[in-house]
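Notes follow the structure.
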Amino acid sequence: MSSPILLVEHDGPVTIATLNRPDKLNALDFALLAELGALVAELGARPTASRPRVLIVTGAGDKAFVAGADIQAMSTQSPEQARAFSEHGQRVGRALEEASFPSIAAVNGFALGGGCELALSCDFIVASDRARFGQPEVGLGLLPGFGGTQRLVRRVGIGLARELVYTGAVVDAARAKAIGLANEVVPHADLLPKAKELARAIAAKAPLAVAAAKRLMLRGPEIALDAALELETIAFGAAFATKDAREGMDAFLAKRPPKFAGE
Ligand code: COA
């Protein structure tokens, strides 16, 4: 699935997708979004045994994760084309969010505009100490179009999201962690090792249970608490029909490490 603009590497149960347009600070154009969307779809369609347990998304080069949607490409778009571009970006973000496997954004530099929105579509963010986050679109006469007005509110709360979107301010990694945008900040050289360490910790757990928990945490906040709690109860019961639940509990009782097959 690797292409010149999207490098894909499989490291055991972890897949690493590297957005690779470093001369344009990995700006997202239609083609790069399409490649990423196709990758998420392809991985998701695999049988459980060969599906990655975690996807890490990162950017090529030392400077940028993604410096935004491609302004050059957008500069000639009609309103109709811009709307299609927004829908396209939103579809890819939603696909990441809806995927059965978690994704980690390993933010290695600028995550601006569409880059911040892409990172927000991943389950959580690990940031290099060089990372910079922001939604600067209003400075271009535009606004976030790949889900930023919605996901930033949900991630950091409405007051801070308003401030960041209205001012277009760029925040450093420490501030991103302080406001809950990034889970963790690590020295630049440690970024991928740390992201992989987290990914492997997730990959060692029961994938069907992780997928069910992911789905509940995505859906739950959108619906009434009683309904969400009922969904949790149904999912909890369903987990007992999996071989992994039997294996996990048997392994605990036998004082041995579990081996999950994703069944
Ligand atoms: N779209 C298209 N090209 C972009 C881009 C974007 N979002 N961000 C950077 N680039 C390109 C630059 O045009 C430049 O290309 P060139 O060498 O062909 O001129 C190259 O990437 C390097 O960027 P440059 O601006 O020279 O790097 P810098 O270190 O001086 O500044 C940034 C880095 C991130 C501060 C700056 O590139 C920037 O502000 N980018 C736009 C951020 C933005 O507004 N994103 C939201 C878009 S909706």
Side-chain angles (χ1 to χ4, degrees), residues 3-7 17-37 57-94 96 105-122 125-156 160-177 179 181-182 185 188-189 191:
S3 83
I5 53 173
L6 185 69
L7 310 175
T18 305
L19 303 155
N20 188 38
R21 296 183 74 207
D23 55 324
K24 295 294 170 194
L25 303 189
N26 306 318
L28 296 171
D29 61 5
F30 210 90
L32 183 50
L33 282 169
E35 294 272 355
L36 186 56
V57 181
T58 192
D62 271 350
K63 203 163 167 185
F65 172 71
V66 169
D70 189 320
I71 300 170
Q72 181 80 47
M74 285 194 300
S75 67
T76 56
Q77 283 176 351
S78 67
E80 291 71 26
Q81 288 169 324
R83 196 180 146 144
F85 189 49
S86 166
E87 283 172 355
H88 187 48
Q90 286 188 1
R91 258 197 309 277
V92 175
R94 200 64 178 144
L96 277 166
V107 175
N108 53 308
F110 288 110
L112 302 179
C116 190
E117 293 170 296
L118 175 61
L120 283 166
S121 297
C122 294
I125 295 170
V126 184
S128 140
D129 52 8
R130 290 191 203 162
R132 299 285 180 273
F133 298 83
Q135 299 287 163
E137 290 90 342
V138 292
L140 298 167
L142 306 175
L143 62 149
F146 295 169
T149 60
Q150 305 310 308
R151 292 197 180 93
L152 194 60
V153 170
R154 285 163 172 76
R155 187 68 64 94
V156 303
L160 278 167
R162 283 175 174 148
E163 183 186 327
L164 291 173
V165 171
Y166 300 169
T167 64
V170 174
V171 299
D172 66 15
R175 176 94 177 118
K177 179 163 190 264
I179 64 177
L181 182 51
V185 181
H188 189 70
L191 180 65

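Only heavy atoms go into these numbers, but all of them, side chains included; no hydrogens, no water, no symmetry mates. Note that ligands are numbered from 1 as they come in the structure, with each ligand's atoms numbered from 1 the same way. Everything quoted here is computed from the prediction, not taken from an experiment.
Within the 4.0 Å cut-off (strictly below), a protein heavy atom is located near atom 23 (O) of ligand 1. Per-atom contact check: atom 19 (O) of ligand 1 does not touch the protein, criterion being a heavy-atom distance below 4.0 Å. Contact annotation for atom 26 (O) of ligand 1: protein absent (non-hydrogen atoms, distance under 4.0 Å). Protein heavy atoms are absent from the 4.0 Å sphere centred on atom 38 (C) of ligand 1. For atom 48 (S) of ligand 1, a protein non-hydrogen atom is found at a distance below 4.0 Å. Of the protein's heavy atoms, none falls inside 4.0 Å of atom 12 (C) of ligand 1.
Ligand 1 has no nitrogen or oxygen under 3.5 angstrom from a nitrogen or oxygen of Q72. Between L140 and ligand 1, no pair of N/O atoms sits closer than 3.5 Å.
Protein heavy atom in closest approach to atom 30 (O) of ligand 1: K63 NZ, 4.6 Å.
The shortest separation from a heavy atom of G114 to ligand 1 is not under 4.0 Å, leaving the residue out of contact. Using a 4.0 Å heavy-atom cutoff, M74 is listed among the residues neighbouring ligand 1. Note on ligand 1: L142 sits outside its first shell, no heavy atom being nearer than 4.0 Å.
Remark: H188 NE2 to N108 CG distance equals 6.0 Å, nearest 0.5 Å. Taking CG of L36 as the reference point, atom NE2 of H88 lies at 9.0 Å (rounded to 0.5 Å). Considering CG of N26 and OG1 of T18, their distance stands at 9.0 Å, rounded to 0.5 Å. Distance check: R162 CZ to L164 CG gives 12.5 Å after rounding to the nearest 0.5 Å. Note that CD of E163 and CD1 of I179 are 8.5 Å apart. Values are rounded to the nearest 0.5 Å.
Within the 4.0 Å heavy-atom criterion, the part of D23 lying near ligand 1 is the backbone and not the side chain. The part of E137 lying near ligand 1 is the side chain, judged by heavy-atom distances below 4.0 Å. Counting heavy atoms closer than 4.0 Å to ligand 1, residue A67 contributes atoms from both its backbone and its side chain.
The shortest side-chain heavy-atom distance between E117 and E137 falls under the 4.5 Å cut-off. The shortest distance between side-chain heavy atoms of R132 and D172 falls below 4.5 Å.
Residues passing the side-chain contact (heavy atoms from CB on, under 4.5 Å) test with Q77, sequence neighbours excluded: M74, Q81, A82, F85. Every residue meeting the side-chain contact (heavy atoms from CB on, under 4.5 Å) condition with R151, not counting sequence neighbours, appears here in chain and number order: R94, E97, L120, S121.
A salt bridge is defined here as a Lys NZ or Arg NE, NH1 or NH2 lying under 4.0 Å from an Asp or Glu carboxylate O, and R21 with D29 meets this definition.
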